[in-house]
Amino acid sequence: MKEYQKPLNDVLVDYKVDPETGLDAQQVEMHRKEYGANTFVEPAKPSLARKILISLNDVATIILLVAAVISFITAYMENTGNYFESMLIIGIVIINSTLSIVQEGKAESSLAALQGLNKSKVKVLRNGKPEFIDGDDIVVGDILLIDNGSSIAADARLIDSAELQAEESPLTGESVPATKNADVVLSGDVDLGERANMVYRGTTIVNGHARAVVTGVGMQSEMGIIAGLLNSEAKTPLTPLQQRLVQLGKNISIIAVISAAFVMALGLYQGMDLMHIFLTAISLAVAVVPETLAVIVTMTLALGVQRMAKKHAIIRRLPAVETLGTTSVIASDKTGTLTQNKMTVREVWANENNHLTYLDNGMDASAENVLSIAAISTNVDVREVEGETVYDGLPTEVAIVRAMQPVKPRTELLKEWPVVDQIPFNSTKKRMTTVHQDPDGGFVAITKGAFDVLLPMVENGDKERALEINKGFGQDALRVLTITAKHFDEMPAEPTAEFYEQHLSLIGLIGIIDPPRPESAPAVAKAAAAGIKTVMITGDHLETASAIAREIGIMRDGDKGMTGAELAELSDDQLDERVKEYAVYARVTPTDKIRIVKSWQRNGAIIAMTGDGVNDAPALKAADVGISMGETGTDVARGASDIILTDDNFATIVDAVSEGRGVYVKVRKTINFLLSANMSEILVIIIAMLLGWGSPLLPVHLLFINLVSDGLPGFALSREPMLTNVMNQPPMDKDEKLFADGLGKQIGLNAILFMIVTLLAIWVGRDMTLGGMLPSAEIGQTMAFIVLSLTSIFHVFNIRSEKSLFTNKYSDNPTLVNMALLATVITLVIALIPLTAGLFGLTQLSIMHWVVVAILSLIPTVVLEVWKQIQPSFFRV
């Protein structure tokens with residue numbers, strides 16, 4: 001039998017606790033050993049060794065390691081003792097792995113800091129005395145002393161209660177506070193949200209006070225049970241970019257094998273020495289591998305993470321940056337994310353002069369009169385905490401008091417209208433009454449509550465107009481609070497609710513709403529312009545959710561709303577057919593959220609899901625990108641998410657999408673830059689051998705070009721400024737290939753241009769006498785190396801955009817310009833200094849040779865620049 005089903009006395013006996021004294025120190029330790037601590041068991045974190053293995057477990061990195069082995073074998077077979085190439089590749093792998101591990105460690109540290117901020121003090125009864133302890137120190141059997149504003153740190157059975165109401169949305173998704181009552185007796189299985197004699201970890205008390213005995217801590221609490229379900233070792237699927245890079249790595253491997261086999265066969269056919277042709281084939285295989293691709297992609301993602309952190313988004317896993325950039329649907333919670341999570345008075349109607357006030361336009365005398373009467377008939381506690389005004393109480397009452405605070409604080413109003421009696425709010429009667437001394441003499445009973453309950457009790461007032469106003473408020477999704485009053489000269493001998501709440505005069509109606517954040521509507525519009533559909537999934541009522549959705553642009557013409565009950569009647573196939581028609585899902589359960597997420601995924605969407613409560617965690621984990629709230633989110637929700645918003649703001653999500661799209665564009669630029677050179681190297685070697693020139697490039701030349709000429713400028717590509725048009729394009733299709741939108745054609749064109757000028761350089765060096773120097777294979781090889789190296793360096797300026805390279809300023813990305821200059825200087829130093837030239841198998845050139853080298857190196861840039869003017873769309877990234 002569960003605690004909510006047992007008689008209260010049995011629960012107290014089970015835990016051996018006296019509700020008047022609480023546990024003593026010895027019992028606390030015994031209960032902690034017997035029932036466990038009030039902490040969550042975190043999933044085992046991988047060791048450093050496992051993290052390293054995970055970071056190495058992708059095709060691109062494996063190819064690099066194979067290349068290092070090949071380079072090592074080459075150096076060994078040549079018996080040169082030069083293992084520089086293999087060590088350099090290993091260094092690249094280490095850098096890539098380190099960046100990935102360090103970033104994830106930073107994200108987890110940020111998460112731990114957030115969790116630490118959420119730890120609160122809890123009031124308990126121990127050794128017969130009330131004391132405050134850390135929530136983590138609570139044990140089963142502790143007696144909780146609960147007041148308005150208390151955060152519940154463990155599951156507990158109520159001992160006694162007075163007008164207790166709890167905000168349970170983190171567990172149930174229900175935005176309306178749940179009424180609690182210690183006297184309720186329950187039998188059989190009862191839904192979590194209906195257990196009136198229990199309070200649960202992660203919820204907040206918004207009205208009343210109580211005592212409760214703790215029945216579940218840590219992993220045994222309802223929140224802990226859900227956390228345990230999320231700690232499974234389910235394998236995280238690869239992101240779209242990871243899938244594309246894996247496929248790219250496989251394709252590169254195939255090209256490397258085929259090219260090496262072709263060269264090997266060609267060399268043997270031409271009668272070349274077996275060892276020489278084997279080394280040539282090996283060098284070609286090394287040439288195919290873009291050694292710096294993995295580390296540049298990691299750097300690009302890491303820089304994206306840093307920029308997102310400045311925009312209030314903590315990225316827990318690097319790949320989430322790119323996945324967010326491919327998002328086509330954002331399923332967002334309403335309260336606190338799209339709205340301010342702060343009930344606010346929006347409109348006030350005064351019966352006295354039939355005047356309707358929109359508070360967005362300012363307070364007037366009519367609204368002030370209605371609100372001042374309503375404000376004194378509340379139980380809101382207003383206090384100053386570190387210079388900030390804090391309100392404790394029911395959200396609707398807080399809204400009224402907050403609206404009046406700048407005009408006349410509640411404390412001043414109560415001095416004029418002292419409270420002499422009160423009939424507390426009753427969830428059955430849906431009203432409360434407070435009695436005050438009237439400054440003008442006599443007394444006034446103020447009754448406020450639900451419109452449909454109070455209107456029949458009104459004797460004095462314009463009921464017809466009140467009906468019209470109430471209907472209008474309802475259409476605007478305002479929660480309506482009716483304010484009435486009754487004046488009398490003397491207090492009755494035996495005051496009763498019946499006396500106070502009859503012959504009422506209508507004072508006015510107050511329309512209250514949790515208003516949208518000011519930035520929500522522009523963010524939704526920005527997402528729509530980017531082809532991203534925003535969907536609201538909330539536990540609130542459909543009418544309220546739909547009104548907010550229309551106000552901020554989520555629900556447009558033709559869009560529909562659906563309740564959880566309606567959703568339950570649909571099969572998965574029916575939902576898949578209709579899911580695109582709906583923009584709002586209201587009164588949904590955690591299971592409903594997962595169904596919606598999976599239905600969008602089956603329709604080919606990349607979906608990002610937001611949430612803050614424990615009930616949101618399963619859907620966060622099921623989504624392609626789970627986004628939790630840093631301010632109001634639970635630890636369980638954060639643990640299930642990929643991204644944490646430190647400001648709980650929907651606009652931050654859209655900014656993060658923009659950053660993610662920019663990251664993907666930069667990755668494509670990097671692939672364009674690196675593969676253009678790599679493919680040209682293959683073409684140069686194969687064609688040169690077909691022409692009988694042998695292999696014109698040594699393995700060390702190829703590695704230098706890949707790591708220095710391509711690597712240094714390539715690293716700076718990660719620092720390219722964000723393109724302004726990334727949010728004016730539709731999201732990328734889930735199955736779109738990496739070389740889509742002409743990227744493959746760009747790489748092909750670039751590789752052919754590089755190949756042509758490099759072969760011309762070989763031909764000039766081998767067959768033309770320049771500067772008094774006779775032609776030779778060594779000169780041709782030297783010119784080929786320099787031309788291909790410089791051409792690759794200059795190419796970084798060609799791929800920055802479809803516009804002319806002269807439109808880019810130095811200040812746009814000074815690192816890129818500096819890296820390109822550094823790579824150029826290193827190339828020239830190696831070729832000009834005899835010592836380094838000898839190490840690289842180069843020979844000295846005449847002035848005329850250098851003139852030819854300069855001209856040939858610039859030809860691809862000139863050709864591409866002219867082509868951009870003719871057909872700029874060809875170069876769009």
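When a residue number appears, it is its place in the shown sequence, counting from 1. In this text, all values refer to a predicted model and were calculated from it rather than measured experimentally.
- Between the N470 side chain and the V480 main chain, no donor and acceptor come within less than 3.5 Å of each other.
- Separation of atoms CZ (R211) and CG (L158) is listed at 11.0 Å; rounding is to 0.5 Å.
- In this structure, the separation between NZ on K180 and CE on M198 is 8.5 Å, given to the nearest 0.5 Å.
- Between the side chain of D136 and the main chain of A37, no donor-acceptor pair closer than 3.5 Å is present.
- Here the closest heavy-atom approach between residue I205 and residue A166 is recorded as CD1-CB, 3.9 Å.
- Here the closest non-hydrogen pair linking A196 and V184 is CB-CG2, 4.0 Å.
- K448 and E397 are joined by a salt bridge, as a carboxylate oxygen and a charged side-chain nitrogen come within less than 4.0 angstrom of each other.
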Run the side-chain donor-acceptor check on residues 489-500: report pairs under 3.5 Å with partners two or more places apart or on a different chain.
residue, atom, partner, partner atom, Å
T496, OG1, F499, N, 3.2
Y500, OH, D421, OD2, 2.7

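- Each of I159, T215, V17 was evaluated against V11; a single residue qualifies, T215, per the side chain to side chain contact (heavy atoms under 4.5 Å, CB included) test.
- Salt-bridge annotation for R587 and E566: absent, with no side-chain N of the basic residue lying under 4.0 Å from a carboxylate O of the acidic one.
- No donor-acceptor distance shorter than 3.5 angstrom exists from the side chain of R431 to the backbone of L454, with no hydrogens or angles considered.
- Annotation: the span from M432 atom CE to E163 atom CD amounts to 8.5 Å, rounded to 0.5 Å.
- Annotation: side chain of I152 is not in contact with side chain of M223 (no heavy-atom distance under 4.5 Å).
- Salt-bridge formation is not detected for the pair K430/D452: no Lys NZ or Arg NE/NH1/NH2 atom is positioned less than 4.0 Å from an Asp or Glu carboxylate oxygen.
- Looking only at distances, a side-chain donor or acceptor of N38 sits under 3.5 Å from a matching main-chain atom of A153.
- R410 and T378 form a side-chain donor-acceptor contact under 3.5 Å, judged by distance and modelled atom types alone.
- Not one N or O on the side chain of E416 forms a donor-acceptor pair closer than 3.5 Å with the backbone of L413.
- Residues Y35 and Q220 are not in side-chain contact: their nearest non-hydrogen atoms beyond the backbone lie 4.5 Å or more apart.
- Side-chain contact check for T482 versus L506: some heavy-atom pair is nearer than 4.5 Å.
- No donor-acceptor distance shorter than 3.5 angstrom exists from the side chain of D592 to the backbone of A568, with no hydrogens or angles considered.
- With contacts defined as side-chain heavy-atom distances shorter than 4.5 Å, the pair S628/L620 qualifies.
- Side-chain contact between L371 and V407 is absent, with no heavy-atom pair separated by less than 4.5 Å.
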Mind running side-chain contact (heavy atoms from CB on, under 4.5 Å) on I446 and W417 for me, showing each step along the way?
-> CA-CA 11 Å; I446 301 170; W417 302 75; 5.6 Å; no

Intermediate values then yes/no, side-chain contact (heavy atoms from CB on, under 4.5 Å), I596 and L567 = CA-CA 9 Å; I596 296 166; L567 178 61; 4.0 Å; yes

Go through the steps to decide whether N379 and Q422 satisfy the test side-chain contact (heavy atoms from CB on, under 4.5 Å), and finish with yes or no.
-> CA-CA 10 Å; N379 290 317; Q422 176 173 318; 3.1 Å; yes

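- Put simply, the side chain of N197 never gets that close to the backbone of N181: no donor and acceptor are under 3.5 Å apart.
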Report the C-alpha distance between R32 and E29 in whole Å, list the side-chain angles of each, state the deciding distance to 0.1 Å, and finish with yes or no for salt bridge (charged side-chain N to carboxylate O under 4.0 Å, His left out).
-> CA-CA 5 Å; R32 183 172 286 118; E29 291 306 315; 3.1 Å; yes

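- Atom CG of L12 sits about 11.0 Å away from atom NZ of K6, to the nearest 0.5 Å.
- Nearest heavy atom pair, residue V139 against residue V28, reads CG1-O, 3.8 Å.
- In plain terms, the two heavy atoms of P516 and Q340 that are nearest each other are O-NE2, 3.1 Å.
- The shortest distance between side-chain heavy atoms of V140 and E34 does not fall below 4.5 Å.
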Just do the salt bridge (charged side-chain N to carboxylate O under 4.0 Å, His left out) check on D476 and R346 with the steps written out, would you?
-> CA-CA 10 Å; D476 293 336; R346 176 169 280 187; over 6 Å; no

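- How far CD1 of I548 is from CD of E543: 13.0 Å, rounded to the nearest 0.5 Å.
- Between the Q5 side chain and the G188 main chain, a donor and an acceptor come within less than 3.5 Å of each other.
- Side-chain contact between L192 and E222: present, with at least one pair of heavy atoms (C-beta onward) separated by less than 4.5 Å.
- Between the side chains of E384 and T389, at least one donor N or O lies within less than 3.5 Å of an accepting N or O.
- More than 12 heavy-atom neighbours from other residues, nucleotides or ligands sit within 6.0 angstrom of NZ on K463.
- For the pair T411 (side chain) and P409 (backbone), a donor-acceptor distance under 3.5 Å is absent.
- In terms of heavy atoms, N460 sits closest to V458 at O-CG1, 3.4 Å.
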Stepwise salt bridge (charged side-chain N to carboxylate O under 4.0 Å, His left out) test for R195 and E168 | CA-CA 11 Å; R195 298 173 191 171; E168 295 187 328; over 6 Å; no

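- Residues H436 and T434 approach most closely at NE2-OG1, 2.8 Å, considering heavy atoms.
- Side chains of N351 and W349 form a contact here, defined as non-hydrogen atoms less than 4.5 Å apart.
- In this structure, CD1 in I627 is found 12.0 Å from CG in D333, a value given to the nearest 0.5 Å.
- Side-chain atoms of Y4 come within 3.5 Å of backbone atoms of V190 as a donor-acceptor pair (strictly under, hydrogens ignored).
- The neighbour count for E194 CD, taken as heavy atoms of other residues, nucleotides or ligands under 6.0 Å away, does not exceed 12.
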Start with the C-alpha gap between F650 and R517, add the side-chain angles, then the distance that decides, and say whether side-chain contact (heavy atoms from CB on, under 4.5 Å) holds.
-> CA-CA 9 Å; F650 179 83; R517 289 176 178 262; 5.9 Å; no

